[in-house]
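All remarks here apply to the structure that follows.
Just so you know, these numbers use all the heavy atoms, side chains as well, and skip hydrogens, waters and symmetry mates. Owing to the predicted nature of the structure, the values given are computational and were not obtained by experimental measurement.
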2 protein chains.
Amino acid sequence: MDDIDKKIIRLLGLDARRALADIGAAVGLSASAVNERIRRLVGSGAIRRFTVDADPRALGLPVLAYLWVALARDADEEAFRRMMAEHPAIGECHHVTGAWSYLAKVRVGSLDELEALLAEIKRHGFLERSETVIALSSVTDGPFCPKEEGP
Amino acid sequence: MDDIDKKIIRLLGLDARRALADIGAAVGLSASAVNERIRRLVGSGAIRRFTVDADPRALGLPVLAYLWVALARDADEEAFRRMMAEHPAIGECHHVTGAWSYLAKVRVGSLDELEALLAEIKRHGFLERSETVIALSSVTDGPFCPKEEGP
DNA sequence: CATGAAATATAGCCCTT
DNA sequence: AAGGGCTATATTTCATG
């Protein structure tokens with residue numbers, strides 16, 4: 001992973017559809033050399049996948065919220081993690097330092113859905129207590145793409 | 001934006017390099033019809049861009065933290081927002097409800113760098129108070145790609 | 001929106017450094 | 001090992017119905 005690899009990743013991050021010859025011109029390599037590097041970056045896991053950055057609003061998910069979670073003493077932590085990993089509304093969930101156990105990023109279509117999600121989590125008995133913070137607007141946001149849903 | 005468009009976005013999110021004919025087979029359309037839909041989705045902004053999901057660790061950014069910010073009364077909020085939007089370590093920054101004004105997602109190479117970032121923000125006089133929460137591990141995380149850096 | 005042809009881009013091969 | 005150039009193949013793109 002040298003500087004050229006990083007530059008290639010940065011360029012792909014901006015536009016993953018750019019022709020290899022184009023990227024090559026930008027980093028000073030031939031198309032085939034770039035192709036080989038990308039192959040290696042994917043192979044090593046430095047590039048996890050090629051994807052799209054979608055607009056959550058266009059997909060009917062205008063509500064962004066963060067959820068602080070303190071797990072109940074007797075909660076099944078594995079089940080909680082599984083639910084976070086699989087639930088389509090949970091974009092991220094991290095085990096964090098501080099007064100709370102977990103921080104989850106949530107995208108839903110409406111406040112009603114947010115309430116329903118909270119109810120669902122509570123119903124499983126996961127929560128000792130929780131706090132919901134709603135994002136009013138975003139100064140800058142990362143890429144978004146919808147999770148795979150069940151069949 | 002019908003269900004087929006959504007399915008196309010979901011499939012591209014999983015693998016944006018899949019051949020159009022392949023995607024077409026999955027959604028019941030021809031390659032050219034899929035191509036035309038993707039063109040429209042990009043045109044309307046529903047697909048913001050084609051990108052890659054990179055591994056932050058491979059790029060030397062193993063530290064993930066969230067930064068809660070309460071802006072100082074006399075802070076230049078526009079300048080703060082500009083800094084958040086442009087700083088390469090800030091992946092997201094949202095204006096939020098609750099006791100804090102902003103929530104920022106930060107990726108850096110080390111705790112030293114995190115400390116330096118905090119010092120930088122303080123030095124600008126933006127902060128009334130702040131709180132930093134470090135992510136110890138991630139149950140699930142969204143796509144990551146490095147921000148464009150200055151020339 | 002499907003089909004089929006034309007234009008492009010990619011991926012592998014072989015040779016050079 | 002890594003890259004450059006070439007070529008076959010696969011894919012995207014466009015015209016037509």
Side-chain angles (χ1 to χ4, degrees), chain A residues 1-60 143-149 151, chain B residues 1-62 109 142-149 151:
Chain A
M1 165 71 57
D2 59 12
D3 282 350
I4 293 184
D5 282 337
K6 287 185 188 169
K7 194 161 181 184
I8 289 173
I9 291 179
R10 206 137 28 77
L11 291 170
L12 289 175
L14 250 42
D15 177 9
R17 272 190 153 184
R18 266 182 84 169
L20 300 183
D22 236 38
I23 295 173
V27 302
L29 287 177
S30 70
S32 61
V34 173
N35 186 36
E36 175 63 14
R37 277 176 182 259
I38 292 176
R39 207 186 53 71
R40 264 206 294 273
L41 288 168
V42 172
S44 72
I47 294 176
R48 295 187 190 126
R49 62 190 169 138
F50 285 73
T51 184
V52 289
D53 175 18
D55 181 355
R57 285 170 192 264
L59 287 151
F144 166 77
C145 82
K147 254 188 188 170
E148 191 59 35
E149 297 193 43
Chain B
M1 166 71 55
D2 58 12
D3 282 349
I4 293 183
D5 283 336
K6 287 185 187 169
K7 193 161 181 185
I8 289 173
I9 290 179
R10 205 134 28 76
L11 291 170
L12 289 175
L14 249 42
D15 176 10
R17 273 189 154 184
R18 265 182 84 169
L20 300 184
D22 236 38
I23 296 174
V27 302
L29 288 177
S30 70
S32 64
V34 173
N35 186 39
E36 175 62 15
R37 277 174 183 259
I38 291 176
R39 210 186 52 71
R40 262 208 289 275
L41 288 168
V42 171
S44 72
I47 294 176
R48 296 188 189 125
R49 63 191 168 137
F50 285 73
T51 185
V52 288
D53 175 17
D55 181 355
R57 285 169 193 264
L59 287 151
L61 300 168
F144 166 76
C145 82
K147 254 187 187 171
E148 191 60 34
E149 296 195 42

>> Could you work out, with side-chain contact (heavy atoms from CB on, under 4.5 Å) as the rule, every residue matching Arg40(B), not counting sequence neighbours?
In response: Glu36(B)

> What residue pairs, at least two apart or across chains, pass side-chain hydrogen bond (donor to acceptor under 3.5 Å, both in side chains) with a residue in residues 23-35 of chain B?
Replying inline: Ser30(B)-Ser32(B)

> Which parts of nucleotides 6-17 of chain C does protein reach within less than 4.0 Å, heavy atoms only, written one letter per nucleotide 5' to 3' as B for base, S for sugar-phosphate only and - for none?
Replying inline: ----SBB-----

>> Output the rounded distance in Å from CG (Leu29(A)) to P (dA2(D)).
In response: 12 Å

> Under the side-chain contact (heavy atoms from CB on, under 4.5 Å) test, which residues partner Ser44(B), sequence neighbours left out?
Replying inline: Ala46(B)

> Heavy atom of residues 4-12 of chain B under 4.0 Å from DNA chain D: which residues?
Replying inline: none

> What is the minimum heavy-atom distance between Ile38(A) and Phe50(A), and which atoms define it?
Replying inline: CG2-CZ, 4.0 Å

Compile the donor-acceptor pairs under 3.5 Å between side chains in residues 4-26 of chain B and protein atoms, sequence neighbours left out, one pair per line.
| residue | atom | partner | partner atom | Å |
| --- | --- | --- | --- | --- |
| Asp5(B) | OD1 | Arg37(B) | NH1 | 3.0 |
| Asp15(B) | OD1 | Arg17(B) | N | 2.9 |

> Once you round to the nearest 0.5 Å, how far does CG of Asp53(B) lie from CG of Asp53(A)?
Replying inline: 11.5 Å

>> If I compare all heavy atoms of Arg49(A) with all of Cys145(A), which pair ends up nearest, and what's the gap?
In response: NH2-SG, 3.8 Å

>> Ignoring hydrogens, what is the shortest heavy-atom contact between Ala58(A) and Met1(B)? Give both atom names and the distance.
In response: O-CG, 3.7 Å

> Given atom CZ of Arg37(B) and atom C1' of dT13(D), what is their separation to the nearest angstrom?
Replying inline: 18 Å

>> Both atom distances under 3.5 Å, Watson-Crick or G-U wobble: I'd like the secondary structure of DNA chain C as a dot-bracket string, with | for pairs made across strands.
In response: |||||.|||||||||||

> Got a sec, which residues hit side-chain hydrogen bond (donor to acceptor under 3.5 Å, both in side chains) with Arg57(B), two or more places apart in sequence or on another chain?
Replying inline: none

>> Are Pro146(B) and Leu59(B) packed together at the side-chain level, in the sense that at least one heavy-atom pair is separated by less than 4.5 angstrom?
In response: yes

